[in-house]
Amino acid sequence: IRAASSRAFAEERRATGGDAVALLAEAETPEAFLDRYPRADRARLRLGELLVRDGRAAEARGLLRAAMRSPRSLAAACGWWALSFPVAFTPRGRRATAATAAAATTTAPAKKRTP
């Protein structure tokens with residue numbers, strides 16, 4: 001998330017001369033930040049790109065779909081969204097899927113056994 005935020009803030013500084021680091025600092029969750037951030041489309045694009053590069057294609061698609069709603073991010077978000085499908089079948093993508101599944105099973109509450 002830090003890398004995606006850094007890239008989005010650098011882009012914002014180039015475009016506007018400032019950034020929203022203070023807004024990020026006061027947000028309780030990443031979603032709360034994105035709900036208030038004026039350039040959230042670009043931040044979602046950068047985060048989606050990062051997740052695709054990490055092999056986390058399913059997670060990335062949701063962010064990229066949201067980024068596609070903005071004309072400013074549409075073209076790049078479509079490219080990364082399309083790329084996410086073959087990435088899911090790469091060794092990196094399979095490792096990410098396995099790690100997500102393993103994390104889900106270790107954090108899920110244990111089912112009670114009935115005699």
Pairing residues for E12 by the side-chain contact (heavy atoms from CB on, under 4.5 Å) criterion, not counting sequence neighbours: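 In terms of side-chain contact (heavy atoms from CB on, under 4.5 Å), with neighbours along the sequence ignored, E12 is linked to F9, T16, D19, A20, Y37, R39.
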
Test side-chain contact (heavy atoms from CB on, under 4.5 Å) applied to R53 - qualifying residues, sequence neighbours left out: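 Result, side-chain contact (heavy atoms from CB on, under 4.5 Å) vs R53: E49, W80.
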
Under the salt bridge (Lys or Arg N to Asp or Glu O under 4.0 Å) definition, can you give me all pairs with a residue in [range], not counting sequence neighbours?
range	answer
residues 73-87	none
residues 77-87	none
residues 67-80	D41-R72

CG-CG distance between L64 and L83, expressed to the nearest 0.5 angstrom: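 It is 9.5 Å, given to the nearest 0.5 Å.
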
Approximate separation, where rounding is to 0.5 Å, of R7 CZ and L50 CG: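 CG of L50 is found 8.5 Å from CZ of R7.
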
Minimum heavy-atom separation for [X] and [Y], please, with both atom names.
X	Y	value
S73	A67	CB-O, 3.4 Å
G55	A96	O-CB, 3.4 Å
L51	A60	CB-CB, 3.6 Å

In one Ile/Leu/Val/Met/Phe/Trp/Tyr side-chain cluster, 4.5 Å: V21, L34: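 Hydrophobic grouping puts V21 with L34.
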
ILVMFWY network linking V87 to L45, side-chain heavy atoms under 4.5 angstrom: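 Both belong to a single hydrophobic cluster.
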
Set of residues satisfying salt bridge (Lys or Arg N to Asp or Glu O under 4.0 Å) with respect to E26, sequence neighbours excluded: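 E26 satisfies salt bridge (Lys or Arg N to Asp or Glu O under 4.0 Å) with R36 only.
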
Contacts of type ring pair (Phe, Tyr, Trp, His ring centres under 6.0 Å), residue F89, not counting sequence neighbours: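 F89: no ring pair (Phe, Tyr, Trp, His ring centres under 6.0 Å) contacts found.
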
Contact list for residues 84-96, test side-chain hydrogen bond (donor to acceptor under 3.5 Å, both in side chains), sequence neighbours left out: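 Every pair satisfying side-chain hydrogen bond (donor to acceptor under 3.5 Å, both in side chains) with a residue in residues 84-96: R61-S84.
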
Under 3.5 Å donor-acceptor, T105 side chain and A102 backbone: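 At least one qualifying donor-acceptor pair exists.
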
